[in-house]
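Naming convention: chains lettered A, B, ... in sequence-line order (proteins, then strands); numbering from 1 in each chain. Keep in mind it's a predicted model, so treat the numbers as computed, not measured.
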Amino acid sequence: MIAALSVLPAAGVGLNGRLQLVAILVTTLLFAVVFEMVRRRHLMERYSLLWLFASAALLLLAVFTGLLTALSDAVGIATPSNALFAAAIGFMILLLLHFSATISRLTDQTKILAQRLAIAEEKLGRKDDGDS
Amino acid sequence: MLAIVPAYNESAAIAAVVGSIQREAPEFDVLVVDDGSTDSTYAQARRAGVAVLRLPFNLGIGGAVQTGYAYAFENGYEYAAQVDGDGQHDPAQLRTLLDRIQSDPPVEMVYGTRFGGKEGFKSSFARRAGIRLFAAILSAVTRQRVTDPTSGFRLCNRRAIELFARNYPLDYPEVEAILLMHRHELRSAEVPVSMRVRAGGRSSITLLHSGYYMIKVLLAVFVGLFRARHHIEPGDDAPTSGIHGI
């Protein structure tokens, strides 16, 4: 448990120093960008949650390489950096699925709006005809 | 009684279709649903003097037809028929559909089949094969005789109108609508009719789309098998909500 929480990579395992730095920088940047977009209301909180969770988890894995090593050992990945990629891809798939679900819901709502509009317009036109 | 005429870019045929419904089936009010046409379909239909719903953009045949059912539901129609805007359905045969649905009360929807009439249905081999496949599947699922599940010439009573106003597939809806009826324990039945060659425009189903059509409908049928059958009570809450079809 203590080993899993060590920040410095153990020799020969974990990420090497430079790669770890890049991974930390990139995931920090991602987290910051998402946070800033929510702050500026470019991203609704409900859609940012998955992003924030994903970037936080990736950041955690990049900082605590012991965690990453433990994870890659657990699922049988030889190179810990590949475990980082696998985790990132996993989150991407989750996000895309989430988007597809959202698009389906929006498509349905848009359809209903179009139908209500068409019916309302017809009713309005009928009233105008009657008035004139 | 309402005749719903979905029309997408049917300016060449729409006036004639509306006219022939008014002539051959005068007991039906006509409602044209202009599915976001880019030609003069809307103007032509208005000139014919019937009610016209104009969708702000193209929804696809299912979305257009459902708008008609929502209109029929809200305006209290007891029966609503579907007649294609391209002139391939003969309004004179609405009488045949009406007789069938009125003489057989537990039947909530009837649809015209092109197989079983005197004049045989001529079409490409691939298309007939596709229809036959769907017919076989639907016959097995619904345990009744289905020969032409892709026919869009239909007549619904109030209960079916209510169901469709609330829940209808967005694209390629005909096959799924029969399943939807079955799933809600509403009966549907076929009536032999003859259909004409379309008066103008072309089929919404091109070769390019037929692959998607087959897969989409097969998927819908398959997923449908895993959905619970349930009853909708007349007077349940507002129509059209939730995710429908695929």
Side-chain angles (χ1 to χ4, degrees), chain A residues 30 34 37-38 40-57 75 86-132, chain B residues 2 4 6-8 29-37 41-43 45-46 49-77 164-171 173 216 220 223 237-246:
Chain A
L30 177 65
V34 174
M37 284 177 79
V38 177
R40 294 188 185 186
R41 302 185 196 285
H42 290 177
L43 199 61
M44 284 166 74
E45 283 86 351
R46 57 195 292 190
Y47 296 115
S48 69
L49 276 179
L50 250 178
W51 278 109
L52 287 174
F53 178 69
S55 47
V75 292
I89 291 172
F91 279 124
M92 272 201 274
I93 290 175
L94 212 64
L95 274 166
L96 290 177
L97 201 61
H98 176 64
F99 289 154
S100 294
T102 305
I103 291 170
S104 299
R105 186 168 49 78
L106 290 175
T107 303
D108 190 53
Q109 291 173 343
T110 312
K111 179 197 78 172
I112 294 168
L113 275 178
Q115 293 177 330
R116 304 308 315 165
L117 174 69
I119 292 174
E121 267 186 350
E122 198 272 342
K123 206 181 275 180
L124 215 62
R126 233 180 349 187
K127 216 170 91 193
D128 288 350
D129 290 348
D131 290 346
S132 58
Chain B
L2 182 72
I4 301 164
Y8 176 59
D29 293 340
V30 178
L31 172 74
V32 174
V33 184
D34 173 16
D35 190 12
S37 295
T41 299
Y42 179 73
R46 281 301 296 261
V50 294
V52 187
L53 299 182
R54 176 158 57 168
L55 291 165
F57 42 82
N58 184 257
L59 282 185
I61 178 75
V65 166
Q66 189 184 30
T67 317
Y69 282 121
Y71 179 94
F73 179 70
E74 281 167 31
N75 290 284
Y77 283 99
F164 289 158
R166 186 175 293 136
N167 195 339
Y168 203 70
L170 200 52
D171 47 4
K216 190 251 171 183
V223 172
D237 32 297
T240 62
S241 70
I243 302 274
H244 316 124
I246 293 174

query: In this structure, are over 12 heavy atoms from other groups packed under 6.0 Å from A:Phe53 atom CZ?
result: no
field: chain B contact via A:Thr107 - side chain, backbone, both or neither, heavy atoms under 4.5 Å
entry: side chain
- request: Below 4.5 Å from any heavy atom of chain A, which atoms of B:Val33 appear? Answer side chain, backbone, both or neither.
  value: neither
- line: What one should report as the nearest heavy-atom pair of A:Glu122 and B:Tyr71 is OE1-CE1, 3.4 Å
message: Does any backbone or side-chain atom of A:Leu117 lie under 4.5 Å from a heavy atom of chain B? Answer side chain, backbone, both or neither.
response: side chain
message: Taking side chain as everything from C-beta outward and backbone as N, CA, C, O, which of these in B:Asp34 sits under 4.5 Å from a heavy atom of chain A? Side chain, backbone, both or neither.
response: neither
Rounded distance (nearest 0.5 Å) linking atom CG of B:Leu55 with atom CD1 of A:Ile119: 9.0 Å
Atom pair OH (B:Tyr69) and CD (A:Gln115), whose distance is rounded to the nearest 0.5 Å: 13.0 Å
field: Per-residue contact mode, B:Leu59 against chain A (heavy atom under 4.5 angstrom)
entry: side chain
field: Heavy-atom closest pair, residues A:Glu121 and B:Arg54
entry: OE1-O, 4.1 Å
